[in-house]
Amino acid sequence: MSLNACSVVLIIFCVAWVTISQSCSWTVTHDGAIKTLDLTPLQGLMLNTTDVSSHYYSFTPCENGVLCRGESVMTCQVTPDGRENIIGRWDTSISPAFADLGWGPQWWTFEYNNGDTDCGQPARNWVPTFECNESEKYVLGQVVERSGSCYYQITIETMFACDNYTTTTPVPVDDCKYVYGNHT
């Protein structure tokens with residue numbers, strides 16, 4: 001009986017681990033090759049940028065980690081007069097579209113149409129594209145909104161969007177220092 005109970009606990013642990021470990025990772029098959037986007041190293045980071053209209057954006061990949069009007073969301077816009085707009089909420093059911101034209105970098109694009117419903121069709125849309133750049137942990141471009149559409153696009157260049165980048169080794173903090181858990 002204890003062997004069966006142990007097996008059940010092990011199965012539950014394995015199922016939970018797969019669910020947790022894949023919450024910020026996606027895999028597709030493209031032209032017979034397996035491609036993986038693993039944004040786990042970006043979890044817990046708040047990425048900030050602007051647009052040409054001096055709006056300020058805070059974005060937390062793979063989580064609702066930004067406080068916006070008292071709600072935890074994935075992306076918040078702050079207007080020059082201080083008004084906050086919810087642009088997108090993290091949703092584990094949304095998967096990215098993958099593109100690789102065979103020349104130039106490959107990229108992964110998400111579309112979160114779950115922001116504030118004061119504009120957009122049916123709501124404000126957050127559309128981040130993660131583009132392969134093998135030498136950068138992350139570089140954010142400016143947010144671009146289609147004129148008055150509440151459709152917000154941004155390109156994030158990152159090594160994590162490159163072919164089968166693996167995150168099994170900790171990402172270096174600088175040229176010769178790693179942080180793993182509480183150890184440096």
Side-chain angles (χ1 to χ4, degrees), residues 15-30 35-100 105-133 136-162 165 167:
V15 169
W17 181 80
V18 168
T19 302
I20 291 168
S21 69
Q22 292 182 355
S23 66
C24 201
S25 179
W26 300 265
T27 301
V28 298
T29 301
H30 178 76
K35 306 287 185 173
T36 299
L37 173 66
D38 186 353
L39 297 177
T40 305
L42 299 181
Q43 277 186 297
L45 296 178
M46 185 174 301
L47 309 179
N48 299 298
T49 191
T50 59
D51 65 18
V52 296
S53 300
S54 299
H55 295 106
Y56 182 81
Y57 297 82
S58 293
F59 167 50
T60 52
C62 305
E63 64 183 310
N64 288 319
V66 179
L67 193 60
C68 190
R69 293 196 330 258
E71 182 181 340
S72 291
V73 300
M74 181 175 55
T75 308
C76 184
Q77 174 197 62
V78 180
T79 63
D81 63 359
R83 190 180 75 239
E84 295 180 342
N85 296 307
I86 297 170
I87 305 301
R89 294 172 175 88
W90 170 243
D91 181 344
T92 58
S93 71
I94 295 174
S95 294
F98 174 79
D100 185 351
Q106 63 189 29
W107 65 90
W108 303 74
T109 301
F110 294 85
E111 187 167 343
Y112 298 92
N113 61 348
N114 58 10
D116 282 338
T117 58
D118 61 328
C119 70
Q121 301 295 327
R124 293 177 186 261
N125 284 262
W126 179 244
V127 186
T129 296
F130 293 87
E131 182 178 289
C132 173
N133 181 334
E136 295 291 344
K137 183 173 180 182
Y138 64 89
V139 174
L140 277 70
Q142 278 196 320
V143 172
V144 176
E145 178 190 4
R146 292 181 188 168
S147 183
S149 67
C150 296
Y151 189 89
Y152 306 91
Q153 297 173 290
I154 184 171
T155 299
I156 300 109
E157 294 181 25
T158 178
M159 63 181 63
F160 309 119
C162 297
Y165 181 87
T167 59

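None of these values were measured; they are calculated from a predicted model.
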Counting C-beta onward and ignoring hydrogens, is there a side-chain heavy-atom pair between [X] and [Y] closer than 4.5 Å?
X: Trp108; Y: Ile156; result: no
X: Pro80; Y: His55; result: yes
X: Phe130; Y: Leu42; result: yes
X: Pro128; Y: Tyr112; result: yes
X: Thr109; Y: Val127; result: yes

Is [X] reaching over with its side chain to a backbone N or O of [Y], donor-acceptor style, under 3.5 angstrom?
X: Glu63; Y: Gly44; result: yes
X: Asn113; Y: Asn125; result: no
X: Gln106; Y: Phe98; result: no
X: Asn64; Y: Arg89; result: no

Got a second to check how far [X]'s [atom1] is from [Y]'s [atom2], nearest 0.5 Å?
X: Met159; Y: Glu136; atom1: CE; atom2: CD; result: 7.0 Å
X: Ser58; Y: Met46; atom1: OG; atom2: CE; result: 5.5 Å
X: Gln121; Y: Tyr151; atom1: CD; atom2: OH; result: 12.5 Å
X: Phe110; Y: Ser95; atom1: CZ; atom2: OG; result: 7.5 Å
X: Asp118; Y: Cys150; atom1: CG; atom2: SG; result: 6.0 Å
X: Trp126; Y: Trp90; atom1: CH2; atom2: CH2; result: 14.0 Å

Contact list for residues 152-161, test side chain to side chain donor-acceptor pair (under 3.5 Å), sequence neighbours left out: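 Listed once each, the pairs are Arg124-Tyr152, Asn133-Glu157.
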From CA spacing to verdict: side chain to side chain contact (heavy atoms under 4.5 Å, CB included), Phe59, Met74: CA-CA 6 Å; Phe59 167 50; Met74 181 175 55; 3.7 Å; yes
Distance-minimising heavy-atom pair for [X] and [Y]:
X: Ile87; Y: Cys76; value: CG1-C, 4.3 Å
X: Cys62; Y: Trp26; value: SG-CH2, 3.9 Å
X: Ser23; Y: Gln43; value: OG-NE2, 4.3 Å
X: Leu37; Y: Pro96; value: CD2-CG, 4.4 Å
X: Val73; Y: Cys68; value: CG2-CB, 3.7 Å
X: Leu45; Y: Pro61; value: O-CD, 3.7 Å

Test side-chain hydrogen bond (donor to acceptor under 3.5 Å, both in side chains) applied to Thr49 - qualifying residues, sequence neighbours left out: none
Side chain to side chain contact (heavy atoms under 4.5 Å, CB included), paired with Tyr57, selected from Asp51, Asn48, Leu140: Asp51
Side chain to side chain donor-acceptor pair (under 3.5 Å) evaluation trace for Asp38 with Thr40: CA-CA 6 Å; Asp38 186 353; Thr40 305; 2.5 Å; yes
Derivation of the side chain to side chain contact (heavy atoms under 4.5 Å, CB included) call for Ser53 and Glu145: CA-CA 10 Å; Ser53 300; Glu145 178 190 4; over 6 Å; no
